[in-house]
Amino acid sequence: MTTAFVNGRVLIDGRLDRGRAVLVDSGRIEAIVADAHVPAGADLIDLGGGMLVPGFIDTQVNGGGDRLFNDDLSVATIAAIGAAHRHFGTTGFLPTLISDDLDKVEAAIEATRAAIASGVPGVLGVHIEGPFLNEARKGIHDSSKFRPLGEKEIELLSRPTGGRTIVTLAPEEVPPGAIAQLTKAGVIVCAGHTNASADCIFAALKEGLRGFTHLFNAMSPLTSREPGVVGAALYDADSWCGLIVDGHHVDPVVLKLALRAAPLPRFMLVTDAMPSVGGRNATFLLNGETITISEGKCLNAAGTLAGSHLDMASAVRNCVELLDLSVGQAVSMASLHPAAFLGLGGDLGRIAPGQRANLVLLDDELQLRGSWIDGA
């Protein structure tokens, strides 16, 4: 039976349109029609005047609902994390493994493959963040887990999951040709926790480097005589930059400067979320350290940021309130742009005929009022 989403404002190509109904059948958007043309007998969902927007896609989710992916690399953990973030509009996500031993990397890939095969809602693949990183930019990562990237590791990272695989690495720490090998195998390679020079990044981009993990954080900065990772990222015309817009990781003025320096479609929102998102506990353990939630930040005893306490709906609100973006622009950074980055633009990220019916309902304060994955 056709389901009709009616009595709302529908975000279509960046604009909120009134008087339009979205028809969904078999998990996909069948058509967008005038309210007067809703077919008789359709199952009506009254949006109550709210905003219907594409479901949010988060490519970096360490945890949620008091669960950390590193702690239990299982289908149940992936499902619990996805369910927690669903309350904040995330209808597609990649569980993210923070630097760990190679057997944990293998277990993370296998758990993701099993989660996708069993139909866990929203899971789009896996993000392996490390352990091929630079100790000088380790952030909260445990540098004792860092290791070289060799043929054995490339073979492991290239194993299919049924979804997308992102690998965050420091380009200066991997041998020439390794990024090209991973890219050829279908892996999406991002630079992060890196102290690379701009020239090193430009070489990596030629090999297939596709994105930058949490731009500005844990990477060499833009300076007057060395553009660093940040400068190279903003200069390149074809890669994507993930942004943590929580008001803590990056100053809003710096984010505004970045948005002026490069076209908006090159930026996507990520949360880098930790177990506290959608959970009840104010502390959690990471690599044996107690991480405490304080004033909206996840901090260890030394005051180092340890991921974030950010959800995707809040990130969208922050883009409007802190960065002066329109609702359409902010939502695109949470949906259209990450879908393009993942190569899933034909299925996700827009409200258009043929797209999967991954949808979010927001009120005028951009608070979540409902979410649907494949129409459910």
Side-chain angles (χ1 to χ4, degrees), residues 11 13-14 53-61 88-90 92-94 96 124 127 129 164 166 168 188-194 198 201 204-205 209-222 227-273 307-308 310-345 348-350 360 366:
L11 189 68
D13 295 330
V53 304
F56 305 148
I57 299 170
D58 194 346
T59 61
Q60 191 177 8
V61 186
F88 306 103
T90 296
F93 73 103
L94 280 76
T96 300
L124 300 176
H127 185 159
E129 188 184 4
R164 298 296 193 257
I166 298 174
T168 291
I188 299 171
V189 181
C190 292
H193 294 275
T194 167
I201 294 297
L205 288 163
L209 184 75
R210 192 163 177 180
F212 296 87
T213 296
H214 43 56
L215 186 70
F216 296 107
N217 299 114
M219 59 182 59
S220 50
L222 168 66
V229 177
V230 171
L234 294 176
Y235 185 81
D236 182 63
D238 299 316
S239 53
W240 281 264
C241 301
L243 298 178
I244 305 173
V245 186
D246 62 354
H248 305 301
H249 276 76
V250 188
D251 188 279
V253 173
V254 175
L255 290 172
K256 287 180 180 181
L257 286 170
L259 296 178
R260 290 181 187 180
L264 189 68
R266 292 200 39 232
F267 296 96
M268 60 184 180
L269 297 178
V270 297
T271 63
D272 200 11
S308 87
L310 180 68
D311 63 78
M312 210 50 145
S314 294
V316 168
R317 285 194 299 274
N318 289 342
C319 282
V320 174
E321 295 169 6
L322 301 179
L323 306 185
D324 303 322
L325 297 180
S326 69
V327 171
Q329 289 172 322
V331 168
S332 291
M333 288 175 65
S335 55
L336 181 65
H337 304 174
F341 164 72
L342 292 171
L344 296 174
L348 299 169
R350 296 181 300 135
V360 164
L366 302 181

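Keep in mind the model is a prediction, meaning the values are calculated, not measured.
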### Query
Run the side chain to side chain contact (heavy atoms under 4.5 Å, CB included) check on Leu255 and Val245 step by step: do they pass?
CA-CA 8 Å; Leu255 290 172; Val245 186; 4.1 Å; yes

### Message
As a quick check of understanding, evaluate side chain to side chain contact (heavy atoms under 4.5 Å, CB included) for Leu342 and Ile166, giving each step before the final call.
### Response
CA-CA 9 Å; Leu342 292 171; Ile166 298 174; 4.0 Å; yes

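Counting heavy atoms from C-beta on, the side chains of Leu243 and Met268 never come closer than 4.5 Å. Side-chain atoms of Arg317 and Met312, non-hydrogen and from C-beta on, never get closer than 4.5 Å to each other. Side-chain contact between Leu269 and Val316: present, with at least one pair of heavy atoms (C-beta onward) separated by less than 4.5 Å. Using a 4.5 Å heavy-atom threshold, the side chains of Gln60 and His127 count as touching. Side-chain contact between Leu215 and Phe267: present, with at least one pair of heavy atoms (C-beta onward) separated by less than 4.5 Å. Looking at Leu11 and Pro54, their side chains come closer than 4.5 Å, going by heavy atoms from C-beta outward. You'll find the side chain of Phe93 stays beyond 4.5 Å of the side chain of Leu124, heavy atoms only. Between Ile57 and Leu344, the closest side-chain pair of non-hydrogen atoms is not below 4.5 Å.
Closest non-hydrogen pair, Phe212 versus Ser239, comes out as CE1-OG, 3.3 Å. Considering all non-hydrogen atoms of both residues, Leu310 and Ile244 come closest at CD2-CG2, 4.0 Å. Scanning both residues, Ala330 and Val320, for their nearest heavy atoms gives CB-CG2, 3.9 Å. When all heavy atoms are compared, the tightest approach of Ala191 to Ile201 is CB-CD1, 4.2 Å.
In this structure, the side chain of Arg164 does not engage the main chain of Thr59 through any donor-acceptor pair within 3.5 Å. Between the side chain of Arg210 and the main chain of Phe341, a donor-acceptor pair closer than 3.5 Å is present. Under a 3.5 Å cut-off, the side chain of Ser220 and the backbone N or O of Val229 do form a donor-acceptor pair. Of the possible donor and acceptor atoms, none in the side chain of Asp58 sits under 3.5 Å from a partner among the backbone N and O of Thr90. Side chain of Arg266 to backbone of Cys241: no donor-acceptor contact under 3.5 angstrom is found. Judged purely by atom type and a 3.5 angstrom limit, Asn318 uses its side chain to pair as donor or acceptor with the backbone of Ser314. Checking side-chain atoms of Thr168 against main-chain N and O of Thr213 turns up no donor-acceptor pair under 3.5 Å.
Atom CZ in Phe56 sits 9.5 Å away from atom CG in Asp311 (nearest 0.5 Å). To the nearest 0.5 angstrom, Cys190 atom SG is 6.5 Å from Leu209 atom CG. Distance check: Asp272 CG to Asn217 CG gives 8.5 Å after rounding to the nearest 0.5 Å. Here His249 contributes atom NE2 and Ser308 contributes atom OG; the two are 6.0 Å apart, rounded to the nearest 0.5 Å.
Annotation: salt bridge (charged side-chain N to carboxylate O under 4.0 Å, His left out) contacts involving residues 334-343, sequence neighbours excluded, are absent. Evaluation of the salt bridge (charged side-chain N to carboxylate O under 4.0 Å, His left out) test over residues 318-344, restricted to residues two or more places apart or in two chains, returns Lys256-Asp324. Sequence neighbours left out, the pairs with a member in residues 325-334 that pass side-chain hydrogen bond (donor to acceptor under 3.5 Å, both in side chains) are Ser326-Gln329.
Within a 6.0 Å radius of CG in Asp251, other residues, nucleotides and ligands contribute more than 12 heavy atoms.
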